[in-house]
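Only one structure is covered here, and it is reproduced in the block below.
Note that the structure is a prediction, hence the values are computed from the model and not measured.
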Amino acid sequence: MTRFILDGAEVEAKDGETIWQVSKRLGTTLPHLCHTDRSGFEPEGNCRACVVEIKGERALAASCRRRPTAGMVVETANGRVDKARRMVFELLLADHASPDPDSAFLGWAGAVGVKASRFASTTAPAAPDTSHPAMAVRLDACIHCTLCLRACREVQVNDVIGMSGRGGESRITFDFAQSMGASSCVGCGECVQACPTGALLPAAGPVRAERSVDSLCPYCGVGCQVTYHVRGDAIVAATGRDGLANHERLCVKGRFGFDYSRHPQRLTTPLVRKEGAPKEPIDPADPFSHFRPATWDEALDIAAAGLKRLPRTALAGLGSAKGSNEEAYLFQKLVRTGFGSNNVDHCTRLCHASSVAALLEGIGSGAVTAPIAEVANAEVIVLIGANPSANHPVAASFIKNAVKRGARLVILDPRGQALTRFASHHLRFNNGTDVALLNAMLHVIVAEELYDKDFVAARTTGFAELAVHLQAYSPDSMAPLCGIDAGTIRAVARLYARAGSAMILWGMGVSQHSHGTDNSRCLIALAMLCGQVGRKGSGLHPLRGQNNVQGASDSGLIPMMLPDYGRVGTPAVRGRFEAGWGQDLDPAPGLTVVEMMNAAQAGIIRGMYVEGENPAMSDPDLAHAREALAGLDHLVVQDIFLTETAMLADVVLPASAFFEKTGTFTNTDRHVQMGRQVLDPPGKARPDLWIIAEMGKRLGLAWSYDGPRAVFDEMRGLMDSLAGITWERLEKEGGITYPAGKAILFDESFPTGDGKARLVPASGLVPAESPDAEYPFLLSTGRVLEHWHTGSMTRRSDVLDRLQGVPAVNISPADMARLGLAEGAMVRIESRRGRVEAVAAADSRLSPGALFMPFCFTEAAANLLTNPVLDPVAKIPELKVSAVRLSPAGK
C-alpha cells in the first residue's frame, strides 16, 4: 500500500494502481477517452482528458498512467485541471461529427461543461464505410484515441487496424487502406465495443435499447459472458462482460449472431405429420407441406402414444449440448426411466467421445485439468487438431496474448491456420497419422531420459510397458509415415519436455478418428511423462465444441454412464440413482448415436425422441442416417426450426431458443454459469424443460418440477461435482468452477483407484480409409469462423450468413492449377458414400491432395461424404478423414 493525498484526503493505493484507478475505486471516475480499464488494454495517456495536478510538478499528469508515490499530493479537479480538460474536448469537438448522441465522448464533453467548440474544423468530411455486413465506419467521428487499434492489436491480436498518415492527415486504416469489408477483419467487434465516439458502430447504427440482460453466448464451449441489449421483442446488440472465460471479449458469432431467434422460419406451433405424407424426399423449398398444426395437448399426446406403443428396447433418445444442464439431466432421466433403457446420447459422441474415454481411462476424469486461461502461465503451448481462430476465437486471442508475452506455440496439424504465424513450429503431418508423430515424440522423451522421473515414479503406472512399446516408434522410422522429418520431431519433443510449464490443447482433429482414443492416450502420456499437470501453466485441455457439451456430458447424456460419469453397470453407482429416482434402472449400456442409426436401419430401433440435435446433418454418411430416420415407426423432434431432422418427424414440438430460457451451462473450463432468459418464446413455442417434463408425465412419470431451479436442486443431491454449488450462488456470482471452485486439478493425486495416472500404449497408425487411384484426395470436415455446427442457427443469422453464405471446398493452389479449376468454379466431390457440389476456393494452408469442407451447409452437406467407421473404444466416427475424388461439376 502507498499512502498519498487525493483531493485533500489521505488514501491508500494498492500495489500497481494508477491515480485513475484509485480515484475510480474510491467512487470518482475521471474523464477518459483513450483509456479503459478493460482487461488487455495498457494505458496510453494520449488524449489528456484524465489529467490531474500533482503538487510540485509543472505539467499536468495523465492519471491513467501515473502511479502515486508516498506523500504525493494530487488534485483531480481545480481551475487549472478543469480548463485543460475543457480545451481538450473543445479541440476534439471541432473535428467531430458524431453519429451517436449518446456516445461516451459526448457524455464526457457535457460532464466537463463543453457543449460546442469555438474552433473551426480543419478536416474534410469522411464518407461512411458500410462495406462490412456487421459494422459501419464513420471516420468523421474519430478522435484518434487509438482504442480501436489497441483492441485489434493488443487484445484480439488480429492486427487489422492501424494508423496511417502524419499530422492532420492521420487516420485509422484497415490493412493497407482498404475498406473494412475488404480487409482481413474477422468481425469480432472488439473495436466497436472500445470506441467511445461512434466512429465504429454496428451496421444498423447506434444502439437504442430499452433494457439489458446479463447472460451467456449460445455458441462454442468457451462460455463467454454477454450482456444483451433489447428493444421491444428483439435483441439489438450484444456486448462482452467480464467473465472468467472472456474478460469482455467476443467473436463475430457472439457479438452479431443473435438475430436467428426471431427468424421468420422459427417454429411457433406444434406440428403433426399429415396422414399418408411421405418422409422422403426432403423438400427444403416446401418443408411444411407434409405437416398440419396441432394444439400442445394433441401433439404431446400423439408424440407420447407413438413411443408407448413400442417396446423399450426399440426406443432411443438424442439430447442436446445446446441446452442447459437441467434440460440435459431431465432428458436422460426421461429416457432411462420413461423408456426404460440407456439408449441416450448427444453430440459429444461426434466430437470428444474419444478424448473423454482416454481421459477417464488415464486419469479418472473426463474434463479438462486446467482452464484455457492458464496459457498465460505456460512456457510452451501445444495445439493439435484444433483451429481456435475459427472454432474458439476468444480462446485463440488468449493464446496470441501468451505468445506475445514470450510463450512458445507449437502447432501439430495437417492444415495451416491463422495461428500459424504465431507458432515457433507448425508440424503439418499427414492426416490420420497422429499416433505415429506423437509416439515418435514420446520415444525421444523416454530414450533421451527427458521425462520427469520423480513424477513418473510417484504418480503414474505403466511406464515400463509404455517404454517397451515406444521402442518401435523412433523418429527415423515414423518420419516417412507422418511426413515430418526426424530432426523436427526431436526438436519439438525436447522443447516440450524441457519446458518449465506446458499446456496441451486439442480439438476434433484429434478425436474424430477411428483411432481417436489412441490419439488422446498419446497426449495424456506426453503430459504425464513430463509432469505437466496439476500446476500453473500446465495441463490437458480438450477444447469443447458446443456451448454446453461439458455440462451435457456431466449430466448423463451418455449411453454407458449416469450423471457424473458413473458406469451404468456398476451396482453402487446405479443404486444411488435408483434410490434418488425411485425406479430400477437398466444395467446394460445403451446405444451411441451412430449405433442408433445402424439399429434403426436394421429395424431394431423403431422410435426416437430427438431434442435439439440434427443428426440428419451432423452424422457421418448422411444418406444412411437420413434413410434410418425416415424409416422409423415414430420420430418426435423438439427444436426451434424445421431442421433436416425435423422434416422427417411424425411430431414436431416448437422449443425455446437459447435466449428464451433460464438455466445453468458448463463451459470447457468446468465453469458452471447462469444463463438468463432475455426474450419470451415466439407464438406457442415453449421452454424445452417444460416440454420434456410434459413428455415425461405422458410416459407415466410422476414429475412435478417447478422450473429449472427445482431440477438443479435434484442434480445437486445426486452429483458430487455440483454439491457445493447453489442456485443462489450462481445468480449472485454468475459462475462457479467445479469441483470446489478449483480451476487447476490433480496437484496431489488423480481420481483413480490408486490415485495414479495410467500410461496406456497407443497403436493406431493409419486412418481406416486412405486415398487411392479411384479416390485420390483426403477430405477433412470442420467448422468455419462465421458458422457453427450444422448451421441451423448461424445460417439464419443475417450478418453471419452474409459474411459466409456460400458452401465451398478448400483446395490447395497446386491442385487447383493441376485440375484447371478457377476460383469460384463449381466442383463435384464424391466419396464411396455420396456426392456434393460446392464452390472451389484456393487455400494455401492445404497441402496438395488435401481438401477441407465445413459441414454447416445443407445445400452441400459434407457429411454425405464422411466415413461412419467407429473408434472401437469411444464409438466416435472418423469424420476427419475420407477418401474422395474431385472434378468440375457437370463432368
Side-chain angles (χ1 to χ4, degrees), residues 131-133 158-160 174-176 178-187 252 385-391 393 396 411 413-423 426-432 483 509 771 775-787 791 800-831 835-857 859-866 880-891:
S131 59
H132 197 283
N158 291 321
D159 297 318
V160 178
F174 302 91
D175 288 340
F176 295 100
Q178 295 171 290
S179 66
M180 179 183 260
S183 73
S184 59
C185 172
V186 296
V252 64
N387 184 4
S389 296
N391 299 329
I411 298 176
D413 201 300
R415 182 181 179 220
Q417 56 177 276
L419 285 177
T420 298
R421 69 186 180 98
F422 296 92
H426 186 159
L427 279 58
R428 300 193 189 196
F429 62 95
N430 296 330
N431 197 356
Y775 297 96
F777 287 89
L778 207 57
L779 172 71
S780 183
T781 65
R783 295 174 181 162
V784 290
L785 170 65
E786 296 81 8
H787 290 300
L800 299 179
D801 207 47
R802 281 196 288 143
L803 283 169
Q804 180 60 272
V806 178
V809 56
N810 292 46
I811 310 167
S812 76
D815 285 331
M816 293 274 285
R818 180 173 59 83
L819 296 173
L821 297 174
E823 183 80 16
M826 290 299 296
V827 294
R828 178 183 297 129
I829 311 99
E830 299 174 89
S831 75
R835 65 173 59 181
V836 298
E837 292 189 357
V839 168
D843 187 347
S844 59
R845 299 171 299 178
L846 288 169
S847 301
L851 305 177
F852 174 82
M853 279 190 76
F855 63 93
C856 60
F857 293 97
E859 59 268 50
N863 278 326
L864 285 166
L865 309 171
T866 50
K880 283 291 181 279
V881 184
S882 301
V884 300
R885 58 177 170 236
L886 180 69
S887 60
K891 291 188 178 180

Run the side chain to side chain contact (heavy atoms under 4.5 Å, CB included) check on L785 and V252 step by step: do they pass? CA-CA 8 Å; L785 170 65; V252 64; 3.9 Å; yes

Applying side-chain contact (heavy atoms from CB on, under 4.5 Å), name anything that partners [X], two or more places apart in sequence or on another chain.
| X | answer |
| --- | --- |
| A889 | M826, E837 |
| P776 | R885 |
| A883 | E769, Y775, R832 |
| S184 | V160, D175 |

Going from CG on L819 to CG on L886, what distance comes out if it is rounded to the nearest 0.5 angstrom? 5.5 Å

I need the R421 CZ to H426 NE2 distance, nearest 0.5 Å. 14.5 Å

According to side-chain hydrogen bond (donor to acceptor under 3.5 Å, both in side chains), who are the partners of [X], at least two apart in sequence or on a separate chain?
| X | result |
| --- | --- |
| S887 | none |
| S831 | none |
| S882 | none |
| N158 | K400 |

Kindly write out the residues that satisfy salt bridge (Lys or Arg N to Asp or Glu O under 4.0 Å) with [X], not counting sequence neighbours, or none if the list is empty.
| X | result |
| --- | --- |
| D843 | R415, R845 |
| R783 | none |
| E823 | none |

Within the structure provided, determine whether L864 and R835 are in side-chain contact (heavy-atom separation under 4.5 Å). no

Are the side chains of V809 and V827 in touch, meaning some heavy atoms are under 4.5 Å apart? yes

Might you work through the side chain to side chain contact (heavy atoms under 4.5 Å, CB included) test for S780 and V881, ending with a clear yes or no? CA-CA 5 Å; S780 183; V881 184; over 6 Å; no

Please evaluate residues L427 and I411 with respect to the criterion side chain to side chain contact (heavy atoms under 4.5 Å, CB included), reporting the C-alpha separation (whole Å), side-chain torsions for both, the decisive distance (0.1 Å), and the verdict. CA-CA 6 Å; L427 279 58; I411 298 176; over 6 Å; no

Closer than 3.5 angstrom, by distance alone: can the side chain of D815 be matched with the main-chain N or O of G849 as a donor-acceptor pair? yes

Can any side-chain N or O of S847 pair as donor or acceptor with the backbone N or O of A850 at less than 3.5 Å? no

Ring pair (Phe, Tyr, Trp, His ring centres under 6.0 Å) with F857: which residues, sequence neighbours excluded? H787

